[in-house]
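Basis for what follows: all heavy atoms, side chains included, without hydrogens, waters or symmetry-related copies. Just so you know, residue 1 is the first one in the sequence shown, and it goes up from there.
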Amino acid sequence: MNVTELLESASLLVPEEVAAENDISVQDVWDYLAHDEWEIALSLLEELGDGQPLPLTFWEQLAEAAEQLGLERSAAWCHWRSSEIRNGLIRADLTLRPAADSRRKTPISGHGVLRPMWDIGNLSPSGGLSVSIAGLWVEDLPVLEPGGRATVRLIPLTPAHWAHVQTGQQINMHEDRTVAGTAVVLEVHLPTPTPTPTLPTS
């Protein structure tokens, strides 16, 4: 599909009654599409998608449209939202350790590049620390400086490892053996496990 078809198809997945915080609606998207204002239409659809859960196809179509338009930041965000639907989302308030107290001396990218390890309370079979990997997206900031604090979105690599994580829980971020940052969990949205089919007994 071309950009117009992708954006039109995505807009059809948004209920007509849904509006963004600034009262943007699907009708506004169609108005911009009618004038070939694809980048604005894409931006509005992203806003509408932030307001309520929409299907995986919606974000996949926006990601493809953004790629065709050469909008790297939008494409990365839409791919990220697709991954949240597949693997779940943990939102947390993260504080990085200052550069003087940490091996990291440079800012971390805010756009889903980093996939650090997290101590979420799991133990190895021998009783030692067992970390779990999750991608990291910083909300509202392009980068997060050492010592900085921000709300972040985490996508678990293995959602089952995070099943016990609860709101208010403190978790530690690692890039090596030392603690790189500490986060307090704000929200947990994990995918519902698919039940294993039971084979009929003879």
Side-chain angles (χ1 to χ4, degrees), residues 1-22 24-26 28-30 32-33 37-94 108-116 118 132-144 150-163 165 167 171 173 183 185-194:
M1 288 191 286
N2 61 34
V3 171
T4 303
E5 292 169 336
L6 288 164
L7 296 176
E8 288 176 349
S9 180
S11 67
L12 292 173
L13 297 173
V14 182
E16 288 188 15
E17 66 274 11
V18 172
E21 288 183 3
N22 49 5
I24 296 295
S25 69
V26 179
D28 296 297
V29 175
W30 283 98
Y32 282 109
L33 287 175
E37 297 281 359
W38 301 316
E39 189 170 340
I40 297 175
L42 173 63
S43 177
L44 295 183
L45 284 168
E46 287 181 26
E47 284 189 48
L48 292 169
D50 289 340
Q52 81 166 43
L54 290 172
L56 177 62
T57 304
F58 172 83
W59 291 107
E60 290 177 335
Q61 290 172 339
L62 290 193
E64 187 174 342
E67 287 176 348
Q68 290 189 27
L69 291 169
L71 303 173
E72 293 183 10
R73 166 65 173 75
S74 286
W77 174 241
C78 295
H79 281 303
W80 180 271
R81 292 301 303 271
S82 297
S83 296
E84 287 183 352
I85 294 172
R86 293 190 192 94
N87 284 40
L89 163 68
I90 311 290
R91 291 183 73 243
D93 181 1
L94 171 65
I108 63 174
S109 168
H111 296 161
V113 176
L114 196 67
R115 299 175 70 187
W118 297 88
S132 298
I133 296 172
L136 183 151
W137 187 288
V138 182
E139 293 187 355
D140 304 321
L141 292 173
V143 297
L144 184 59
T151 300
V152 297
R153 306 170 77 94
L154 310 179
I155 293 180
L157 180 65
T158 307
H161 290 179
W162 298 68
V165 173
T167 302
I171 59 178
M173 177 180 132
V185 176
L186 303 174
E187 297 177 30
V188 179
H189 305 281
L190 295 176
T192 304
T194 304

**Q** Can you tell if the side chain of T151 reaches within under 4.5 Å of the side chain of L186, non-hydrogen atoms only?
**A** yes
**Q** Quick one: OG on S11 to CG on L48, what's the gap to the nearest 0.5 Å?
**A** 9.5 Å
**Q** As an exercise, state the distance from CG of L54 to CH2 of W59, rounded to the nearest 0.5 Å.
**A** 7.0 Å
**Q** Residues two or more places apart in sequence or in another chain: which of them pass salt bridge (charged side-chain N to carboxylate O under 4.0 Å, His left out) with E187?
**A** R91
**Q** State, with a plain yes or no, whether a side-chain heavy atom of V188 is found less than 4.5 Å away from one of W162.
**A** no
**Q** Mind listing the closest non-hydrogen atom pair of P191 and N87 along with its distance?
**A** CD-O, 3.3 Å
**Q** Which heavy-atom pair separates A92 from A183 by the least distance, and what is that distance?
**A** CB-CB, 3.9 Å
**Q** With rounding to the nearest 0.5 Å, note down the distance linking OH in Y32 to CG in L42.
**A** 13.5 Å
**Q** State, yes or no, whether a side-chain contact exists between R86 and S83 at a heavy-atom distance under 4.5 Å.
**A** yes
**Q** Run the numbers on V152 and E139 for side-chain contact (heavy atoms from CB on, under 4.5 Å), then give the verdict.
**A** CA-CA 6 Å; V152 297; E139 293 187 355; over 6 Å; no
**Q** Has D50 got a side-chain atom pairing as donor or acceptor with E47's backbone, closer than 3.5 angstrom?
**A** no
**Q** With side chains defined as the heavy atoms from C-beta onward, is the minimum distance between L136 and L144 less than 4.5 Å?
**A** no
**Q** Around atom CD of E37, are there more than 12 heavy atoms from other residues, nucleotides or ligands closer than 6.0 Å?
**A** yes
**Q** May I ask you to check whether E60 and H79 show a side-chain donor-acceptor distance below 3.5 Å?
**A** no
**Q** Are W38 and N2 close enough, and set up right, to give a side-chain contact (heavy atoms from CB on, under 4.5 Å), and what steps lead you there?
**A** CA-CA 11 Å; W38 301 316; N2 61 34; over 6 Å; no
**Q** Side chains of S74 and L62: closer than 4.5 Å at any heavy-atom pair?
**A** no
**Q** Taking atom types as modelled and ignoring hydrogens, do the side chains of Q61 and S9 form a donor-acceptor contact shorter than 3.5 angstrom?
**A** yes
**Q** Quick check: do C78 and E46 have side-chain heavy atoms less than 4.5 Å from each other?
**A** yes
**Q** Taking only residues two or more places apart in sequence or in another chain, which ones pass salt bridge (charged side-chain N to carboxylate O under 4.0 Å, His left out) with R73?
**A** none
**Q** Within this structure, what is the CD-CD1 distance for the pair E84 and I90, rounded to the nearest 0.5 Å?
**A** 10.5 Å
**Q** Any donor and acceptor pair, going by atom type alone, linking the side chain of Q68 with main-chain N or O of M1 inside 3.5 Å?
**A** yes
**Q** With a 4.5 Å limit on heavy-atom distance, are the side chains of W118 and I133 in contact?
**A** no
**Q** Measuring from L6:CG to L45:CG, what's the distance to the nearest 0.5 Å?
**A** 11.0 Å
**Q** Is there a side-chain contact between L71 and E39 (heavy atoms, below 4.5 Å)?
**A** yes
**Q** Between W80 and W137, what is the ring plane arrangement, given parallel below 30°, perpendicular above 60°, and tilted in between?
**A** tilted
**Q** Looking at A150 and V138, what are the two nearest heavy atoms and their distance?
**A** CB-CG1, 3.7 Å
**Q** For the CZ atom of R81 and the CD1 atom of I155, what is their distance to the nearest 0.5 Å?
**A** 9.5 Å
**Q** Would L154 and L89 count as a side-chain contact (heavy atoms from CB on, under 4.5 Å) if you check the C-alpha gap in whole Å, the side-chain angles of each, and the deciding distance to 0.1 Å?
**A** CA-CA 6 Å; L154 310 179; L89 163 68; 5.9 Å; no
